[in-house]
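Working notes, beginning with the structure itself.
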There are 2 protein chains.
Amino acid sequence: MEKKNPDLCKVENTLHILIGKWKPLIIMHLMFGGTKRFSDLQRALAGITTKTLTTQLRELEEQEVIQRVVYPVVPPRVEYSITEYGMTLQPVLHLMHEWGNAHLERQLSKEQASFHNQ
Amino acid sequence: MEKKNPDLCKVENTLHILIGKWKPLIIMHLMFGGTKRFSDLQRALAGITTKTLTTQLRELEEQEVIQRVVYPVVPPRVEYSITEYGMTLQPVLHLMHEWGNAHLERQLSKEQASFHNQ
DNA sequence: ATATAAAGTATCTTTAAAGATACTTATAGG
DNA sequence: CCTATAAGTATCTTTAAAGATACTTTATAT
């Protein structure tokens, strides 16, 4: 695949970071809302379980999109924030937002249609 | 979610179209390679099964990103092509490609690391 | 001594996406 | 009459992502 579709691969590098039910939401929260604690995020992402949030955060940290800082206190205090590298995703997210917004009507009419088909 | 995170939603509209193991590849093939038959695509996407290819194509068609034209001949001839709407994704894919390319080294070093950990 | 707090782990179950494999359809060519 | 062909369907199985629920840790305040 790498050899055959080098261009695709680069798109998928980007996609890879954004794929995950909660990842764009987490990134945008930290990107625009600043540093947050684990419990802040869990509150903001209503419905996410601790296990899922942990997994998503660990993956984003592994990808160096976010940063995790542990304060050695009891009860623990852990802060998450976007990295400089993570911030470079901003134009990408912005364009995706623009596109999604511009084509919102088409998408809504589809959802409406599938709703009626149920 | 729509009410709480309207901006995220628009990003996810876009993401929704691109998510799927083969979708970006299909879109890029049709976007840059022009009209293709089912069997052309299956050959191009080495490894995809007929069932999976059918599913992906039907979803993209449903989303109006691609167009399906059936010629009533035997054996059947079916041609797929990108729509005008689908073409509007080009800047988005381009930016994702740019970002993926710019941050390739970081990603490669990670893969290398995880390879050594096995 | 007990309860509380924050940030998780550890297991198990559910759901969705993708893959494997076999079958179908209709006609033209041998 | 049999075969080949393109574009699929139809089922069943595998895999990966996400969810549910219970448990853990450890210093402090009661």
Side-chain angles (χ1 to χ4, degrees), chain A residues 1 5 8 12 15-27 29-30 33-63 65-81 111 114 118, chain B residues 1 5 8 12 15-27 29-30 33-63 65-81 111 114 118:
Chain A
M1 182 84 91
N5 298 293
L8 172 82
E12 291 194 336
L15 224 36
H16 184 234
I17 288 183
L18 267 17
I19 286 180
K21 181 162 171 191
W22 303 93
K23 281 192 189 170
L25 194 42
I26 292 170
I27 292 171
H29 262 284
L30 298 179
T35 300
K36 295 255 180 293
R37 297 179 63 168
F38 187 90
S39 50
D40 293 332
L41 286 169
Q42 192 158 25
R43 208 170 310 114
L45 281 53
I48 198 170
T49 64
T50 54
K51 191 211 124 195
T52 303
L53 181 54
T54 303
T55 309
Q56 306 290 291
L57 288 172
R58 291 291 146 83
E59 283 174 23
L60 288 170
E61 190 196 358
E62 231 281 318
Q63 293 165 327
V65 170
I66 68 171
Q67 205 178 2
R68 177 172 178 268
V69 177
V70 182
Y71 296 88
V73 295
V74 172
R77 173 186 189 85
V78 178
E79 287 184 350
Y80 294 90
S81 55
E111 278 168 37
S114 71
Q118 277 170 12
Chain B
M1 182 86 90
N5 300 294
L8 172 81
E12 290 193 337
L15 224 37
H16 185 233
I17 288 183
L18 267 17
I19 287 179
K21 181 162 169 189
W22 302 92
K23 280 190 189 169
L25 194 43
I26 293 170
I27 292 171
H29 262 285
L30 298 179
T35 300
K36 295 256 180 293
R37 298 178 63 168
F38 187 89
S39 50
D40 293 333
L41 286 170
Q42 193 158 24
R43 210 170 310 115
L45 281 54
I48 197 171
T49 65
T50 54
K51 192 212 122 193
T52 303
L53 180 53
T54 303
T55 308
Q56 305 290 292
L57 288 171
R58 290 294 145 82
E59 283 175 22
L60 288 170
E61 191 197 358
E62 232 280 319
Q63 293 167 325
V65 170
I66 67 171
Q67 205 177 1
R68 177 172 178 268
V69 177
V70 182
Y71 296 88
V73 294
V74 172
R77 174 186 189 83
V78 179
E79 287 184 351
Y80 293 90
S81 55
E111 279 168 39
S114 72
Q118 278 170 13

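Numbers restart at 1 for each chain; the letters A, B, ... are given by sequence-line order, proteins then strands.
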To the closest 0.5 Å, what do you measure between NE2 (A:H16) and NZ (A:K23)? 6.0 Å

Round to a whole Å and report the spacing from CZ of B:R37 to P of D:dA6. 7 Å

Heavy-atom nearest nucleotide on DNA chain D taken for A:P75 and for A:G20; more 5' hit belongs to A:G20

Side chains of B:L41 and B:L57, heavy atoms from C-beta outward: is any pair under 4.5 Å? yes

May I ask you to verify if any side-chain N or O of B:Y80 is less than 4.0 angstrom from the OP1 or OP2 atom of D:dG8? yes

If the cut-off is 4.0 Å, is A:R77 near the phosphate of D:dA27, judged by side-chain N/O to OP1 or OP2? no

Rounded at 0.5 Å granularity, tell me how far OG in A:S81 sits from CD1 in A:I66. 8.0 Å

Kindly indicate whether the side chain of A:L18, heavy atoms from C-beta on, has any atom under 4.5 Å from the side chain of B:L18. no

Per the under-4.0 Å heavy-atom filter, residues of residues 48-58 of chain A near DNA chain C come out as A:T50, A:K51, A:T54, A:R58

Whole-Å gap separating P (D:dT5) and CZ (B:R43): 13 Å

How many angstroms lie between atom CD of B:Q56 and atom CD1 of B:I26, to the nearest 0.5 angstrom? 5.5 Å

On DNA chain C, more 5' by nearest nucleotide between A:S39 and B:I19 is A:S39

To the nearest 0.5 Å, what is the distance between NZ on B:K21 and CD1 on A:I19? 12.0 Å

In the structure I gave you, are the side-chain heavy atoms of B:T54 and B:T49 within less than 4.5 Å of one another anywhere? no

With a 4.5 Å heavy-atom cut-off, do A:L30 and A:V65 have their side chains touching? no

Leading and trailing nucleotides of DNA chain C with any atom under 4.0 Å from heavy atoms of chain B: C:dA18 to C:dT27

